[in-house]
Protein chains: 2
Amino acid sequence: MINSEFDLINQFIAPPAFKRADVSVGIGDDCAVLDIPAGMQLAVSMDTLVEGRHFAVGAAPEDLGHKTLAVNLSDLAAMGASPAWVTLSLTMPSSDIDWLCRFMAGFSLLAKQHEVQLIGGDTTKGPLSITVQAHGFVDPQHYLRRNSAKPGDLIYVTGTLGDAGLALLAQQGLFVEQQYLASIRKRLDRPTPRVEQGKQLARIASAAIDLSDGLASDLQHVVLASNCGATIHVDNLPCSEAVRTYVKETGDWSLPASSGDDYELCFTVPDNRQAEFEALLPDFGCQANWIGTIERQSGIRWFDAHGDVIDPGCGYDHFRQ
Amino acid sequence: MINSEFDLINQFIAPPAFKRADVSVGIGDDCAVLDIPAGMQLAVSMDTLVEGRHFAVGAAPEDLGHKTLAVNLSDLAAMGASPAWVTLSLTMPSSDIDWLCRFMAGFSLLAKQHEVQLIGGDTTKGPLSITVQAHGFVDPQHYLRRNSAKPGDLIYVTGTLGDAGLALLAQQGLFVEQQYLASIRKRLDRPTPRVEQGKQLARIASAAIDLSDGLASDLQHVVLASNCGATIHVDNLPCSEAVRTYVKETGDWSLPASSGDDYELCFTVPDNRQAEFEALLPDFGCQANWIGTIERQSGIRWFDAHGDVIDPGCGYDHFRQ
């Protein structure tokens, strides 16, 4: 009977929340068949979220639907790609239609917002796990790599850093003022993929990555791939009031510097294009702040407001007696 | 430490077994970036295999590597697509390098054979589960759908049917003669995706599907989508000696008619193109047998050699006392 139950599930997944003209065959045949615009290349990214590892047992299904799509759109954003299609493989312990409808509501809302069509996938029975592949288009002359930062390039990040990390700490028992809880929780559960920003950056940034594992770890990928290093001024790390309060009280920079799950973009701009880039900011759609500079010397050096080198990597022990 | 273990894993996955010129960016950035040949469309298919459901606990990793790729290539074959790239999301309970190397050996051997490049994916910790997405190219004028069979079309299948089902029964305790065990086991564990046959059929067949769930179930998808029905002559179902022996001894047609996991193609040919199709057979690469005819009347009717209607769907009870 499982099969027919899962057939039923497909009825709740298959109706597209957004329909695109470039989909010749969508869900319902052996393959989807798709048109790539002339002169464009295809960009693809796949991410899996596993219950108990990437999200808590009992997480709200609407949030999960949003987040599994968002983390993949964030990878497209980091290449400067325009999102087009997604596939979804959903492994569920049982055919829970209520859970599924709520999951698809979160997924579909974000899909519609980015004009993305769900074109295929799989539904299987097993421990809860969700795999999404996102497909987008890039201009072959203008897409963003990790390996193309150059010494002298200015390093920027979108939005604010450390909110998702603070929400995780709050879940683990850290006291966070009531007024901040809803906003940081939303940043953890419903991250905003910086798709429009990535598209604008495609013609001007020299390199980009999305911040899934935290700035320290993700910027490390950029400087290693680009065969260079970086200097970061922690005082410039853009923080929400919640995170700023935390840093002030603890002296601990690890939240904005190295906690994950923010899904902001970190990107580099050649110094001779800084004015051109900053002219974009009024219509950029979110804040983008200068945080440091790419340098010839390998490694990442973190400086505080006094010009002293600090190590922001090791988080403060919040639960020390 | 899990992260660094899984970083290690990526070292065993990332080196491509086959490199393609149409891959601008492969594994190692936020997205892969890919070229679609001018005038072609993209065909994509995603399948997930879960331990304990799609394969037994303790299954040989080489077989799993082969099979997860094969089932996806089989979907491309059913559209008449030329395979190009695959992504792989591997969720494993621990970073077992020996298991992984053996898995990748099976995966890579088949990838090389079909000139397919692994271009991305994800590695996560969790209950064993494998998701693959296959990407191929189709000519917009000539690809194979499920919904385009017409009354009068001749129905064919590639290869032989029921071998994988017999291997499963043997695993469950059914006595099968020793001389047959290796060959049927291979059909279950290392199915052959009919990629070259699918490409040849793209210009001549009117509809196609791959047989993952069994002929009865998969042909049902074709006739429903095509708004027609079918007549099948069970005596014409192509069987290996092992399955023929089984049918002879039990009188049970359910193995060739409705057991799954064979990954053969079932396809329809307009009757005025039969001669043209049969002229392909000497170089087709495998046998292809006529098994019945598409008809206006809905449903599938199964006839035995005496012209009597039979129901081949309900398997023989092998373990009846």
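In the text below, chain A, chain B and the rest are named by the order of the sequence lines, each starting its count at 1. Heavy-atom basis, side chains included; hydrogens, waters and symmetry copies ignored.
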So, the part of B:Thr91 with a heavy atom under 4.5 Å from chain A: the answer is side chain
The interface call for A:Ala38 against chain B, heavy-atom contacts under 4.5 Å, is neither
Whatever's closer than 4.5 Å to a heavy atom in chain B on A:Ile36 counts as side chain
* To do: Give a yes or no on whether a salt bridge exists between A:Glu264 and A:Arg194, defined as a side-chain N under 4.0 angstrom from a carboxylate O.
  => yes
From the list B:Gly120, B:Ala208, B:Ser24, the residue making the most non-hydrogen contacts under 4.5 Å with chain A is B:Ser24
Answer yes or no: is there a donor N or O on one side and an acceptor on the other, between the side chain of A:Asp210 and the main chain of A:Ala77, under 3.5 Å? no
| task | Report yes or no: does B:Asp153 contribute a side-chain atom to a donor-acceptor pair with the main-chain N or O of B:Ala149 at less than 3.5 Å? | result | no
Given A:Leu42, A:Asn147, A:Asp22, A:Asp75, the one with more heavy-atom pairs under 4.5 angstrom with chain B than any other is A:Leu42
Interface check, chain B: of A:Asn72, A:Leu49, A:Asp35, A:Val33, most non-hydrogen pairs under 4.5 Å belong to A:Val33
By residue number, those in residues 127-142 of chain A with heavy atoms under 4.5 Å from heavy atoms of chain B are A:Pro127, A:Thr131, A:Gln133, A:His135, A:Val138
Heavy-atom closest pair (B:Ala70 atom, B:Pro193 atom, distance to 0.1 Å) is O-CB, 3.6 Å
Those residues at least two apart in sequence (or on a different chain) that pass salt bridge (charged side-chain N to carboxylate O under 4.0 Å, His left out) with B:Asp122 are none
Okay, B:Leu88 and chain A: the region with an atom under 4.5 Å from a heavy atom over there is backbone
Whatever's closer than 4.5 Å to a heavy atom in chain B on A:Leu76 counts as both
If one checks every heavy atom of A:Val50 against chain B at 4.5 Å, the contacting part turns out to be side chain
Assert top hit (heavy-atom pairs under 4.5 Å, partner chain B, pool A:Met79, A:Met40, A:Glu51) equals A:Met79
Chain A shares the most heavy-atom pairs under 4.5 Å, among B:Ala225, B:Ala43, B:Ala32, B:Ser45, with B:Ala32
